[in-house]
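Atoms considered below: every heavy atom in the structure, side chains included; atoms not considered: hydrogens, waters and symmetry mates. All values derive from a computational prediction rather than experimental measurement.
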Amino acid sequence: MATIKDIAQKVKCSPSTVSRVLNYDETLSVSDDTKKRIFEVAEELSYSKKRGKKSLTPKIAIIHWYTEKEELNDLYYMSIRLGVEQRCQEERLELVKIFKDNYDELEKENIQGMIAVGKFSSQEIASLNKVTPNIVFVDYDPDNEKYDAVVVDFEKATKKVLDYFASKGHERIGYIGGRETFRDASAQIVDEREITFKRYMTERDQDHESYVYTGSFTVDDGYSLMNRAIEELGEKLPTAFFVGNDTMAIGCLRALHENGVAVPNRVSLIGVNDISVSKYVYPALSTVKVYTELMGETAVGLLMERLLRRKVAKKVTMSTKLKLRKSSK
């Protein structure tokens, strides 16, 4: 059985350095290359620690801002989680799942790092930081000087949609979207899609104030908001709508169908996320594809770098792709 001394001889460093690296000693001053090499050699020699000591494999937690039940209704965050789990399995990392309704369990675990999925208030972040400073945020960037983050460029995604509508001659364009608040209700969260839509239309002197409808990012609100738009706007109903996510867009489609509004001949519709059911609704939903599973996988990679003692914070911005189907023209 391989020993710490065997690893030290192969890496050409002291046994004490090897021991401290394998135990994630944050006070140790040694290069990232050396740390990486130690882990590689330990893996190569099938090194395992004596029973009763910490595992060679770091234990990380995925922290959800939703409860497990709420996540079932949001394929966006579920897909991110699946990406995290897949990468952790590939890297043989021990993963603990903590949902909104069992945050208390976090303090009972020996956690070396966290992947926080969703949006967290400053108070919530402070609580997480007490457990470990090694936190990667996904879909939120609370402090790019301190924490790693994986985010989507929703500003560019919104412009892709609006540029497409403009290229097709649409002048009356509407927006249906959601607004979120932190789970501790401390503040409302700014949504880049809505802000970018309003700025884009203002810069082009296009009327839009009466064409913006917001609620929550649910199929029910998509349905009710589109019904409201149809009732209030009548013949002035926009010829195109950008919808904040696919779930809402599916609700919008139902409302349009029930009111006899032809899609896309009368109203074109484009959503966001490209969830799995988008291509199966009628008509097939045009959408902006967000690479959610890759977001989760990327977060794991960033956390592994942090555990190897990278000190400088990184922010990774994921690109998106406009996928045109039958709901728009």
_Verdict with supporting geometry, Lys198 and Glu209, salt bridge (charged side-chain N to carboxylate O under 4.0 Å, His left out)_ = CA-CA 8 Å; Lys198 290 179 177 179; Glu209 290 296 336; 5.5 Å; no
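- Annotation: the span from Ile115 atom CD1 to Ile135 atom CD1 amounts to 11.5 Å, rounded to 0.5 Å.
- Note on Glu124 versus Arg183: no salt bridge recorded, every NZ/NE/NH1/NH2 to OD/OE distance being 4.0 Å or above.
- Partners of Tyr200 under the ring pair (Phe, Tyr, Trp, His ring centres under 6.0 Å) rule, at least two apart in sequence or in another chain, do not exist in this structure.
- With hydrogens and angles disregarded, a donor-acceptor distance shorter than 3.5 Å links the side chain of Arg310 to the backbone of Leu302.
- The aromatic rings of Trp65 and Tyr77 sit perpendicular, their planes meeting at an angle over 60°, well past the 30° parallel limit.
- In this structure, Lys323 pairs ionically with Asp274, as a charged nitrogen and a carboxylate oxygen lie closer than 4.0 Å.
- In summary, the side chains of Ser278 and Asp246 do present a donor paired with an acceptor at a separation below 3.5 Å, with no hydrogens or angles considered.
- Checked by atom type, the side-chain pair Asp184/Ser186 shows a donor-acceptor distance below 3.5 Å.
- Side-chain N/O atoms of Ser79 and Thr292 include a donor and acceptor closer than 3.5 Å.
- At most 12 heavy atoms of other shown residues, nucleotides or ligands fall within 6.0 angstrom of atom CD in Glu68.
- Judged by distance alone, the side chains of Gln86 and Glu90 do bring a donor and an acceptor atom under 3.5 Å apart.
- Considering only residues two or more places apart in sequence or on other chains, Pro264 meets the side chain to side chain contact (heavy atoms under 4.5 Å, CB included) condition with Ser268, Lys329.
- The list of ring-ring contact (aromatic ring centres under 6.0 Å, His included) pairs with a residue in residues 98-125, not counting sequence neighbours, reads His64-Phe99.
- By the 4.0 Å N-to-carboxylate-O rule, Arg199 lies close enough to Glu155 to be salt-bridged with it.
- Between Arg87 and Glu297 there is no salt bridge, since none of the side-chain N atoms of the basic residue sits less than 4.0 Å from a carboxylate O of the acidic one.
- No side-chain donor from either of Lys156 and Thr320 sits under 3.5 Å from a side-chain acceptor of the other.
- Ion pairing between a basic and an acidic side chain is recognised when a charged N comes within 4.0 Å of a carboxylate O; Asp141 and Lys315 show such pairing.
- No side-chain heavy atom of Ile38 sits under 4.5 Å from any side-chain heavy atom of Lys35.
- Between the His257 side chain and the Tyr282 main chain, a donor and an acceptor come within less than 3.5 Å of each other.
- In this structure, a donor-acceptor pair under 3.5 Å is absent between the side chains of Ser224 and Asn227.
- Side-chain contact annotation: Ser19 with Ser16, donor-acceptor N/O pair under 3.5 Å absent.
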